[in-house]
2 protein chains.
Amino acid sequence: MLHNNQQYWASINQQIEAHLRKVVTIRDPVSVFEPMHHLVFAAPRDTAPALCVAACELVSGGCSGGREQAVAAAAALHVMHAASFSREHLPLSDRPSLIPRPRPMIHHVFGPNIELLTVDGMIPFGLELVAKLDDPAHDISDRILRVIVEITRAIGSQGVVNGQYSELLYNQWNNNGSSHVESIQTKEGGLHACGAACGAILGGGSEEEIEKLRNYGLYVEMIQGMLRLSTMMSSSSSKERSSMRVEVLRNLALKELEGFDESKVEVMSGLIEANLSHV
Amino acid sequence: MLHNNQQYWASINQQIEAHLRKVVTIRDPVSVFEPMHHLVFAAPRDTAPALCVAACELVSGGCSGGREQAVAAAAALHVMHAASFSREHLPLSDRPSLIPRPRPMIHHVFGPNIELLTVDGMIPFGLELVAKLDDPAHDISDRILRVIVEITRAIGSQGVVNGQYSELLYNQWNNNGSSHVESIQTKEGGLHACGAACGAILGGGSEEEIEKLRNYGLYVEMIQGMLRLSTMMSSSSSKERSSMRVEVLRNLALKELEGFDESKVEVMSGLIEANLSHV
């Protein structure tokens, strides 16, 4: 089953990648689109975009409604992720952060000024990918506008509040343990929550479905964060505490998937199992 | 008449300012919204937002269609302008540019890291102001999506291509004179062209009206650029050449207004006269 699961996610990721190759090209003005192309494809892939497509499939119950839009929104989410990643790794500031976390080395092809300006261009470019989805034949403009608001909020908080948010998360876990899951849960959280909500919106999900999938995305992101921190912990007692917390989060995540089509819930929850299998 | 004209533009600007005060508040997270509030209101006011509202009024022929949305879009344009202005005046890089142009001194309350991150948040925040305009009672989602694409393109090219664009403009004028107006005209140009086009779209203008007003906005922006450069010229012959070029641009601008309701064209063209009267 895990094998099928992997195929499912790999196939979604291929479609997103193909869409990115189609829309992010090196064109005029080359001085803008060449560094943008580089930064978009140099950034490591994240699971939030795929979650957008999977959430759309989960709520649309097999019919293809909104799927094309979800792939395009997923591509936009990757552009946002790449922008945020590039901003964290500007040539001049690419140094260890206050919070210990593994920072992949990246190859800086362009100078800091170019990267700085390019990221400024990536945020509107990514949103344009979504705004252009409008199709007069299928009147889903209202859904697309809602997705734009979801993304603008997530990248606002990702870009700006990201640092504070991570720090808060890190401190809370360390000082107070798992009882603070609830207080963290209320924060708007990252690209996974956004991606899942966007997919559910584009797939025509109900308000309840959108909120359940948003929460699912939030827990997935928290589990990923927890696992990243855990790789940096040295003592076995803190590693144990951390794996206990992951288990709590995993159960909360799976609870959000109750009530959805069971045959599809399995692949959806596979996103968590895939994370855990890497540990 | 110039007096009435001034009152017209002042009244629009007051409405935009009131809208900005309403939507840009200091709220949670304060660490984000306090510097954002500062940067939004510290940036000098630009005429592009008012042009958006005036263009909407010009095409909607007196009925109030889209006006409320145009004021909100105008507020978003100011946020974009403030983001671009802040980026050009980051504490560490706030020094004379290669192209001589007057750079207003600004008071830096926050450090470069905070300003850098805040601007990252301002771009999505501004777009959210537009995306949230959707009103199910009046089905204008398609117009709003189009306005979002207009703005994402303008800030992409403003933020990223702005430097190259200004340089190009400057070099062309200096080397070749006014015969290159056409080649410059074909570039997507700045916030004024965008503002005028957005206003025309929200007011329900025809494609022809949208393009005519976009061109008008472009000429207004070019005249403003020309006048800024001219204040820095020392020789009387270059000042004379520059005022000749402004006259060419002014005629091109007024030509774009032909065919619109004449009683309203006068206030619209007042935007140029106001620029000229300051020289």
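Only a predicted model underlies this, so the values are computations on that prediction, with no experimental measurement involved. Order of the sequence lines fixes the chain letters, A, B, ..., with proteins taken first and strands second; residue numbering starts at 1 for each chain.
Here A:Ala82 pairs with A:Ala43, A:His78, A:Met122 under the side chain to side chain contact (heavy atoms under 4.5 Å, CB included) rule; sequence neighbours left out. For B:Gln224, the side chain to side chain contact (heavy atoms under 4.5 Å, CB included) partners at least two apart in sequence or on another chain are B:Thr47, B:His192, B:Val220, B:Arg228, B:Asn275.
Between the CG atom of A:Leu127 and the CD atom of B:Glu128 there is a distance of 10.5 Å, given to the nearest 0.5 Å.
When each of B:Ile148, B:Ile151, B:Val149 is scored by its heavy-atom pairs under 4.5 Å with chain A, the top score falls to B:Val149.
Side-chain contact check for B:Ile123 versus A:Pro124: some heavy-atom pair is nearer than 4.5 Å.
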